Amino acid sequence: MRQSQLFTKTLKEAPKDEKSINAKFLRRAGFIYKEMAGTYTYLPLGLRVLRKIENIIREEMENISGQELLMTVFQPRKIWEETDRWSKEIGKVMYKTREDNSEIGLGPTHEEMITDIIRNYIKSYKDLPIAIFQIQTKFRKEPRARSGLLRGREFDMKDLYSFHDSEEDFKKYYEQVKKSYLKILKRCGLSGIITEASGAGFIKGFTHEFQVLSEGGEDTIIYCPKRDFAQNREIAKLRGGRKCPICGRILKEEKSIEVGNIFPLGTKYSKAMNAYFIDRSGLRKLMIMGCYGLGPSRTMGAIIEVHHDEKGIIWPKEVAPFQIHLIQIENTQKLKKTAAKFYQDLQKQGIEVLYDDRDRTPGEKFADADLIGIPIRIVVSERTLAKNSAEIKKRSEKKVELIKLSQVGKYVK
RNA sequence: CGGAGAGUGGUGUAACGGUAGCACGAGUCCUUUGGGAGGAUUUAGUCCGGGUUCAAAUCCCGGCUCUCCGACCA
């Protein structure tokens, strides 16, 4: 993409109504536009990042047999009354509206919806297990939306639901999801910590949160550096400085961002909604369920909280809006022509390039490049072209190298 | 929902109760080009509603919004 055609502009200063690091940088760099607290529009740059995160998640969900669908945002009151959640639990944070005589809510989560769908299709043990997911905008009346993308009232969420014929089969899948989530986070440049959290009232054991260490987070976790023990502060009996009950190392206590949460649901929903299947011996049984949430938009915020410096964002490779930021210094006709051709060559090689072809001073282009945070910056100028080369610099490093134009494509791959 | 702070062009800021100004941005033109360049010209603002006053961005009341702390967060 040619930067001269990007309709968004960068800001020299952060808007004063944002304090969180992710919101300051995302707004300065033109990734998001604020509508209300906790409600942001994804501008072209921001949407590219969000889509990349979603696609990583989509790939990994498919790797664990997830089938994608897209449920409705509108949810009828009737279905929520089957589980008695319309006015209780999460129903309290649901945005609700009335149309003639029917009341609907905007989906804050979809256990009821998916259970309703599944009970209409799945009747036999032969159809189990099954895992279904969607990536969709969720709506929740957060009493206090805050921290940019970290806690919104309207936010992107991947929700996966699994249905099993036995507890054993469920547990096996639950462990698979844990691994899958860690892999997703790793691909997003994050190190996830599986953290035990409360059973949310109806679950006897723990649920599990995927926490990313960050000062910008609103949770606090107690964890072992070896990662064999971690608990959310709300339930932890131990504090930082004590010994890990598993390996004896000294536990740490730090702030963190919860990017995902997985729940063994047991038969809570299948029982309330009559989701039965016929087992091998012909008996009618309740399906065992699990649900697994992961927030792409919150993950995007977390990535910035973790990967930035004083100048701007430093995107990890796989989630960056573009792979290369090509900058042309000196806006002479000759240089423009050469740079444009180089830009097209790179695109032909399937490389995503943001090409700064604007008639701006070098300093402004460099500052914008640092702010936007594309992992690789390539500079072409009369100076470098004289050697048939370009300057290459990683956003995360200081070092600048000369590289032959013909080698750039290879370097990126 | 409790507590604290704050609302002035797109962004950041200034103005004792008395002419709403500055910088950046954006638009047009010219010059310039290795870390946010210069000139000319244009654009655009006091959150909303009441009140006090000859006069309100400024004082008072009500509302709305934003930020932060807490509560909440299947």
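Heavy-atom basis, side chains included; hydrogens, waters and symmetry copies ignored. Worth saying up front: this structure is predicted, and the values here are computed from it rather than measured. Protein chains get the first letters and strands the later ones, always in sequence-line order, with residue 1 at the start of each.
Looking at the side chain of A:T109, the nearest of the listed nucleotides B:G34, B:U11, B:A74 is B:A74. Side-chain atoms of A:V379 lie closest to B:G34 of the nucleotides B:G12, B:C73, B:G34. Comparing B:G34, B:C72, B:A74 by their closest approach to the side chain of A:P143 singles out B:C72. Here the nucleotide nearest the side chain of A:M157, chosen from B:G35, B:G34, B:A74, is B:A74. Across B:G36, B:A74, B:C66, the shortest atom-to-atom separation from the side chain of A:M36 is found for B:C66. Taking the side chain of A:K19 as heavy atoms from C-beta on, and the options B:U67, B:C73, B:G34, the nearest nucleotide is B:U67. The side chain of A:R146 sits closest to B:C72 out of B:A74, B:C72, B:C24. Each of B:C68, B:A74, B:G35 was ranked by its minimum atom distance to the side chain of A:A367; first place goes to B:G35. The side chain of A:K12 has B:C24 as its nearest neighbour among B:U11, B:A71, B:C24.
Rounded to whole Å, atom P of B:C68 lies 13 Å from atom CD of A:E142. Atom CG in A:D359 sits about 12 Å away from atom P in B:U31, given to the nearest Å. Here B:G36 presents its C1' atom at 13 Å from CD1 of A:I329, a figure rounded to the nearest Å. Going from atom NZ of A:K365 over to atom P of B:U32 covers 16 Å, rounded to whole Å. Taking atom CG of A:L149 as the reference point, atom C1' of B:U67 lies 16 Å away to the nearest angstrom. Counting to the nearest Å, the P atom of B:G36 and the CD atom of A:Q3 are 17 Å from each other. Protein atom CD1 of A:I90 is 8 Å distant from nucleotide atom C1' of B:C73, rounded to whole Å. As a whole-Å value, the separation of A:E18 CD from B:C66 C1' is 9 Å.
Heavy atoms of A:K34 sit under 4.0 angstrom from primed sugar atoms or phosphate atoms, though from no base atom. Residue A:D368 is classed as a base contact, given a heavy-atom separation below 4.0 Å to a base. At a threshold of 4.0 angstrom between heavy atoms, the contacts of A:K92 with the nucleic acid are absent. Across all strands shown, A:A37 has heavy atoms under 4.0 Å from sugar-phosphate atoms exclusively, and none from any base. Using a 4.0 Å heavy-atom cutoff across all strands shown, A:R153 reaches sugar-phosphate atoms only and no base atom. Contacts of A:E111 with the nucleic acid, taken as non-hydrogen atoms under 4.0 Å apart, include base atoms. Within the 4.0 angstrom heavy-atom criterion, only backbone atoms of the sugar-phosphate kind lie near A:P15; the bases stay farther away. Among the atoms of the strands shown, base atoms are found under 4.0 Å from some heavy atom of A:E391. Residue contacts shown for A:R298 are absent, as no nucleic acid heavy atom lies under 4.0 Å away. At the heavy-atom level, A:T384 lies under 4.0 Å from base atoms of the strands shown.
For B:G7, its base never sits under 3.5 Å from the side chain of A:D17 at any donor and acceptor pair. On a pure distance criterion of 3.5 Å, a polar donor-acceptor pair joins the side chain of A:E364 and the base of B:G36. Judged by atom type and distance alone, A:R28 does not reach the base of B:G10 through any side-chain donor-acceptor pair under 3.5 Å.
With both ends at atom C1', the span from B:G35 to B:G2 equals 48 Å, rounded to whole Å. B:C54 and B:G62: their P atoms are spaced 24 Å apart (whole Å). Comparing the same atom, C1', in B:G63 and in B:A44 gives a spacing of 27 Å after rounding to whole Å. Nucleotides B:G18 and B:A57 place their C1' atoms 13 Å apart, quoted to the nearest Å. Rounded to whole Å, the separation between the C1' atoms of B:G3 and B:U19 comes to 41 Å. Spacing between B:U58 and B:U52 at atom C1', rounded to whole Å, works out to 13 Å. Straight-line distance between the P atoms of B:C47 and B:G38: roughly 31 Å, to the nearest whole Å. The separation of B:G10 from B:G45, taken at their C1' atoms, amounts to 11 Å, rounded to a whole angstrom.
The pair A:D356-A:R377 does not count as a salt bridge, with every side-chain nitrogen at least 4.0 angstrom from each carboxylate oxygen. Using a cut-off of 4.0 Å between Lys/Arg side-chain N and Asp/Glu carboxylate O, A:K34 and A:D17 are scored as salt-bridged. Using a cut-off of 4.0 Å between Lys/Arg side-chain N and Asp/Glu carboxylate O, A:E60 and A:K158 are scored as not salt-bridged.
Across the strands present, B:C24 finds its partner in B:G10; the criterion is a Watson-Crick or G-U wobble pair with both atom distances under 3.5 angstrom. Of the nucleotides present, none pairs with B:G35 by Watson-Crick or G-U wobble criteria with both distances under 3.5 Å. Using Watson-Crick or G-U wobble geometry with both donor-acceptor distances under 3.5 Å, B:A44 finds no partner in any strand shown. B:C1: Watson-Crick or G-U partner is B:G70, with both key distances under 3.5 Å. Using Watson-Crick or G-U wobble geometry with both donor-acceptor distances under 3.5 Å, B:A55 finds no partner in any strand shown.
Side-chain polar atoms of A:E35 and A:T41 form a donor-acceptor pair below 3.5 angstrom. Judged by distance alone, the side chains of A:Y223 and A:T195 never bring a donor and an acceptor atom under 3.5 Å apart. Defined by atom type and a distance below 3.5 Å, a donor-acceptor pair is present between the side-chain atoms of A:T332 and A:E382.
In this structure, A:Y174 has its ring center under 6.0 Å from that of A:H208.
Contact annotation: A:T361 does not reach the phosphate of B:U33 (side-chain N/O to OP1 or OP2, under 4.0 Å). Applying the 4.0 Å criterion to OP1 and OP2 of B:G35, one finds that A:R360 has every side-chain N and O outside that range. Phosphate contact (OP1/OP2 of B:U8, side-chain N/O of A:K16, threshold under 4.0 Å): present.
Contact annotation: the side chain of A:R298 never approaches that of A:M157 to less than 4.5 Å [non-hydrogen atoms, C-beta and beyond].
In this structure, A:V400 and A:R27 both approach RNA chain B, and ranking their closest nucleotides by distance from the 5' end singles out A:R27. Projected onto RNA chain B by closest heavy-atom contact, A:R144 and A:V93 fall at different nucleotides, the more 5' of which corresponds to A:R144.
A stacked arrangement is not assigned to A:F366 and the six-membered base ring of B:G34, the conditions of a centre distance below 5.5 Å and an interplanar angle below 30° not being jointly met.
At least one donor-acceptor pair under 3.5 Å links the side chain of A:K365 to the backbone N or O of A:Q328.
Of the options A:R77, A:K78, A:R85, a salt bridge (charged side-chain N to carboxylate O under 4.0 Å, His left out) to A:E81 is made by A:R77 and by none of the others.
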